[in-house]
Amino acid sequence: MIRLDRTDHRILSLLQKDARRSNKDLAANTGLAPSTVSERMRRLEEAGVFLGFHADIDPHALGVGLQALISIRMSRHDRKQVGRFREYASHLPEVIGFYHVTGPNDFLVHVAVRDAEHLQQLALEAFTTQPEVAHIETSLIFEYVANRIVPDYAVS
């Protein structure tokens, strides 16, 4: 595990708010030389701190008219079935989030679809047809607000 100092945390905080910040901008906001920021960024990347850099897209611009959470209860909760279902569901194009959870359900699957008919088709053809799925329950999402900032508990 990499040891991060306050400056590393400051760089990460700035990038979480806007991943398109230039090296020059990061340097100006941390009081470092651009070459020092570059070296820190390289070290953070090599250590696996960054999972990726992403564009935040408006789903409606791509034809997504509806989002839902589908609760999945497995017929048996063994490693083989869980792994098979995870592999299957994570490759469905409508799946934008996938959570293995505790409680009465085993998975919450966040899906983005064109409309209610598309959601029904997905539920009936993609999930209920899987032999390891015992029960599904669908909840429509009226509003989705994501806080993409990871809390920084390491710095007091």
Side-chain angles (χ1 to χ4, degrees), residues 1-74 77-103 105-114 118-119 122-123 126-127 130 132-133 136 138-156:
M1 183 166 134
I2 186 173
R3 290 190 61 121
L4 304 176
D5 63 18
R6 287 189 183 280
T7 303
D8 292 326
H9 286 281
R10 176 73 178 141
I11 290 169
L12 295 174
S13 176
L14 291 165
L15 288 172
Q16 284 186 102
K17 292 175 185 148
D18 180 3
R20 293 181 60 162
R21 286 181 182 265
S22 68
N23 194 49
K24 183 177 176 181
D25 180 62
L26 290 171
N29 280 281
T30 57
L32 299 174
S35 60
T36 304
V37 170
S38 291
E39 176 57 30
R40 283 179 178 259
M41 291 287 293
R42 184 196 57 73
R43 185 176 55 85
L44 292 167
E45 193 164 358
E46 286 176 358
V49 173
F50 299 115
L51 297 178
F53 295 90
H54 310 279
D56 210 6
I57 308 293
D58 178 4
H60 291 96
L62 300 178
V64 172
L66 187 65
Q67 292 184 52
L69 289 175
I70 301 177
S71 302
I72 307 285
R73 190 173 311 135
M74 306 292 284
H77 199 107
D78 65 47
R79 188 176 304 275
K80 185 177 179 181
Q81 282 196 359
V82 166
R84 185 202 163 311
F85 181 75
R86 180 188 308 111
E87 178 69 20
Y88 169 77
S90 65
H91 286 89
L92 293 171
E94 296 90 350
V95 173
I96 60 174
F98 190 81
Y99 308 91
H100 189 184
V101 297
T102 63
N105 296 302
D106 299 304
F107 294 98
L108 284 175
V109 182
H110 184 178
V111 299
V113 293
R114 289 182 304 277
H118 186 186
L119 179 60
L122 179 69
F127 293 114
Q130 298 306 300
E132 62 273 14
V133 173
I136 73 167
T138 303
S139 300
L140 298 181
I141 297 173
F142 292 134
E143 182 178 20
Y144 173 68
V145 178
N147 181 5
R148 300 200 194 303
I149 307 298
V150 176
D152 190 354
Y153 298 117
V155 174
S156 48

Spacing of CE belonging to Met41 relative to OG1 belonging to Thr36, to within rounding of 0.5 Å: 13.5 Å

Partners passing side chain to side chain donor-acceptor pair (under 3.5 Å) against Arg3 (at least two apart in sequence or in another chain): none

Any donor-acceptor pair under 3.5 Å from Ser13 side chain to His9 backbone: no

Student check: side-chain heavy atoms of Ile70 and Leu119 closer than 4.5 Å: yes

Glu39 and Arg43 ion-paired at < 4.0 Å: no

Atom pair CG/CG of Leu15 and Asp25 - distance to nearest 0.5 Å: 9.5 Å

All side chain to side chain donor-acceptor pair (under 3.5 Å) counterparts of Gln16, not counting sequence neighbours: none

Exercise: identify the closest heavy-atom pair between Ala89 and Val95: O-CG2, 3.2 Å

Straight-line distance of Ile96 CD1 to Gln67 CD, nearest 0.5 Å: 4.5 Å

Heavy atoms from other residues, nucleotides or ligands near CZ of Arg79 exceed 12 (cutoff 6.0 Å): no

Residue pair Arg114 / His118: nearest heavy atoms and the distance that separates them: N-ND1, 3.0 Å

Residues that Arg10 engages under side chain to side chain donor-acceptor pair (under 3.5 Å), provided they are two or more places apart: none

Salt bridge (Lys or Arg N to Asp or Glu O under 4.0 Å): pairs with one or both residues in residues 80-99, sequence neighbours excluded: Arg84-Glu132

Nearest heavy atoms of Ala27 and Ala33, plus distance in Å: CB-C, 4.0 Å

Expected output: side-chain Tyr99 to main-chain His110 donor-acceptor under 3.5 Å: no

Which donor-acceptor pairs under 3.5 Å do side chains of residues 49-66 form with protein atoms, sequence neighbours excluded?
residue, atom, partner, partner atom, Å
Asp56, OD1, Arg148, NH2, 3.0
Asp58, OD1, His60, N, 3.1

CG-CG distance between Leu69 and Asn105, expressed to the nearest 0.5 angstrom: 11.0 Å

Distance, nearest 0.5 Å, that separates CG of Leu44 from CD1 of Ile2: 5.0 Å

Smallest separation among heavy atoms of Asp106 and His100, with atom names: O-CD2, 3.1 Å

Arg40 CZ to Ile11 CD1 distance, which is reported to the nearest 0.5 Å: 5.5 Å

With Phe85 via ring-ring contact (aromatic ring centres under 6.0 Å, His included) - residues at least two apart: Phe107

